[in-house]
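Here is the structure we will look at.
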Amino acid sequence: MSKQNKQSFLGGAAILAAAVAIVKVIGAVYKIPLGNIIGDEGKAHFTVAYNIYNLLLTISTAGLPLAISKLTSEAHALGKENEKRKLFRTAIWLFFTLGTVGSLFMFFGASQLAAFMNDALAFHAIRALAPAVFCVCLLACMRGYTQGQGNMKPTAVSQVLEALCKLTIGLTLAWYMLKIGKGVEISAAGAILGVTVGTIVSTLFLICYLLRNRDTTPSADIPSSGRDLMSRVLAIGIPITLSNSAMSIITLIDSKIVLGRLETISSLLNDTPTALYGQYTFGMDLINLPPSFVYPVTMSLIPFAAAAMARHDNREANRVISSAFRLIAILSIPAGVGLSVLAGPILTLLYPKVPLAAAAAAPHLRVLGIACIFICIMTLTNAILQSYGHERVPIWTMVAGGLTKIIMNYVLVGNPDINIHGAPISTLCCYLVIVMLNLFFVWKYSPEKPRYLQLFAKPVVASALMGGSVWAVYGLLYRALSGGHASYGANALAALAGVFVGVVVYAILVIALQILRAEDLKGIPHGARLAALLHLK
């Protein structure tokens, strides 16, 4: 890929952020109707299968694509085109093997995995997802290669294709299975089959893209041996994989503990353990939206920071990382506060077909909304530590947080007076522990020590003021409208008005308090013009 096609850090992040925005809109159109179609029990089967898939996915693809992205970026920055191409040819076979093993394990071990998770009816959904592991492994390698060259467009397009297939095929199958009289477990399997089809289509697209855009740039460099390249990929990728896999493993064990502890006190509960866990997942779906927008920043951060460090340009690396910190603070804190303040109204708006489950999920989302902020910061600080070359540090911080989560869940969820309400509390404490440790190590290893108070104080103040305005607007409008409108309509209008007012208030405060800087818009198309328009310094 030619250098003129190489995007800047924030330009690349903007492309991926736009793709993520589209994917998340599609995902909302997928998951929200899905929750209304299959209810809380079906949602539990879906989530159990997806948690198993996510663990295998993380083991196969979490660190190795970032290693490929980092090494490709370094080779590209130094003009080592032959080494870059050989790196991809070597890595693709590793991912092929990992994908094959993961898919076979998930397909033939579906019964044992479902039993292990205390949800035997999740068998069908687990088996339907098995082929997706193979496809996503290939996707991860190809995306890491293109991102390492600063080209985020192939990843963006493939993500949108994947989401569209998931939406159209998954929802159609979920609805059709229930229509012909199948149980919610079969409907959940149909919904999750859309994910598998989406990964297949996305894989085919990237294969065609790479074949049509082969890099034939002449280069005189002599590439390293395949063994040397593989050892470098593994040296970088395995610690990152372990850090990310630690949380996936802990989340999987955590799901098992939550369901198991609920089962032990089931005679004292008003709902079944599966239904209670399903209600908890309604809240988890929403708090996973804001961190998804952190992913483009981290994926764009690592190759550009690595390239700057390869050139020994610490000033540029620090500029990129500082901008990333400010962007995440500006975006994640108001998102978490908004979800927490409007937890009940949002869930009621999104899940009208299952109003009791939506109402039961509201207390979970109030706590999880605050946890969402720490999830976003954790994702970014992990990427910063990895770009600094300290890939092992996030492993231990994730383990510390994960153990906190498991212990607290065992104690709190097993208490009949607390039961499922202990799950969001333990989630919040888990990510709080990780972020505190990560921020300490980022400060320790940064060439220029970050000023956390300066980074976070203003966004916290602006978000608190925004949260107060949202709460006031919703409360006043709901009371005014509930007399002349149906309850759902009054809630919908008041919630949407509250969100609109919150966005306007926060945008004004960001400019008035000078939270955003002109350099944060550097590299975004028309960013200089936007900075001048907003009078940013």
Side-chain angles (χ1 to χ4, degrees), residues 283-284 286-294 297 322-349 361-381 421 424-425 427-436 438-440 442-443 450-479 491 493-517 520 534-537:
M284 288 300 295
L286 290 177
I287 71 153
N288 285 329
L289 289 176
S292 299
F293 290 91
V294 180
V297 177
S322 296
S323 289
F325 247 130
R326 279 193 295 274
L327 285 172
I328 296 310
I330 290 169
L331 295 173
S332 65
I333 298 175
V337 170
L339 284 173
S340 184
V341 169
L342 288 180
I346 289 172
L347 287 166
T348 301
L349 172 66
H364 305 323
L365 186 55
R366 290 191 193 102
V367 178
L368 292 172
I370 304 304
C372 170
I373 300 170
F374 295 105
I375 296 173
C376 292
I377 298 173
M378 176 200 72
T379 304
L380 177 64
T381 50
H421 297 286
I425 296 171
T427 297
L428 171 60
C429 293
C430 161
Y431 290 112
L432 178 62
V433 168
I434 294 171
V435 166
M436 292 299 103
N438 276 7
L439 288 174
F440 167 75
V442 167
W443 181 86
R451 299 176 180 178
Y452 292 133
L453 184 62
Q454 185 178 3
L455 283 168
F456 293 113
K458 289 182 179 180
V460 167
V461 171
S463 298
L465 293 173
M466 177 214 71
S469 67
V470 167
W471 177 80
V473 168
Y474 173 80
L476 290 172
L477 275 180
Y478 183 74
R479 282 192 291 271
N491 175 77
L493 291 172
L496 293 173
V499 170
F500 176 76
V501 169
V503 170
V504 172
V505 168
Y506 189 72
I508 293 171
L509 289 171
V510 165
I511 297 170
L513 297 176
Q514 298 181 335
I515 299 174
L516 191 66
R517 298 184 182 180
D520 296 330
L534 298 175
H535 302 289
L536 300 179
K537 296 180 180 180

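Note that the structure is predicted; figures quoted are calculated from it, not measured.
Counting heavy atoms from C-beta outward, Leu493 and Leu477 have side chains that stay 4.5 Å or more apart. Side-chain contact between Leu428 and Ile370: present, with at least one pair of heavy atoms (C-beta onward) separated by less than 4.5 Å. Taking the side chain as every heavy atom from C-beta outward, Ile287 and Leu365 approach each other to under 4.5 Å.
Summarising the geometry of Gly467 relative to Val337, their closest heavy-atom pair is CA-CG1, 3.9 Å, with the distance given to 0.1 Å. Between Met466 and Gly502, the shortest heavy-atom distance links the atoms CG-O, 3.3 Å. The shortest non-hydrogen separation linking Arg326 to Ile515 is CD-O, 4.3 Å. Looking at every heavy atom in both residues, Ile373 comes nearest to Ser332 through CG1-O, 3.6 Å. Taking every heavy atom of both residues into account, Pro459 and Ile333 meet most closely at CB-CD1, 3.8 Å. For Leu349 against Asn491, the heavy-atom pair with the smallest separation is N-ND2, 3.7 Å.
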Distance-only donor-acceptor pairs under 3.5 Å for side chains of residues 503-510, two or more places apart:
residue: Tyr506; atom: OH; partner: Ile330; partner atom: O; Å: 2.8

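Checked against side-chain hydrogen bond (donor to acceptor under 3.5 Å, both in side chains), Thr381 has the following partners two or more places apart in sequence or in another chain: Asn438. Under the rule for a side chain to side chain contact (heavy atoms under 4.5 Å, CB included), the partners of Tyr452 that lie at least two apart in sequence or sit in another chain are Phe325, Leu439, Val442, Trp443, Pro450, Leu455, Phe456. Applying the ring pair (Phe, Tyr, Trp, His ring centres under 6.0 Å) criterion to Phe374, with sequence neighbours excluded, gives no partner residue. Partners of Ala362 by side chain to side chain contact (heavy atoms under 4.5 Å, CB included), not counting sequence neighbours, listed by chain and number: Leu347, Arg366.
Taken from CG in Leu331 to SG in Cys376, the straight-line distance is 8.5 Å, to the nearest 0.5 Å. A distance of 12.5 Å separates OG1 in Thr427 from CG in Leu432, rounded to the nearest 0.5 Å. Once rounded to the nearest 0.5 Å, the distance linking NZ of Lys458 with CD of Gln514 reads 6.0 Å. To the nearest 0.5 Å, the span separating SG on Cys430 from CD1 on Ile425 amounts to 14.0 Å.
Legend: side chain to side chain donor-acceptor pair (under 3.5 Å) pairs involving residues 463-472, not counting sequence neighbours: none detected.
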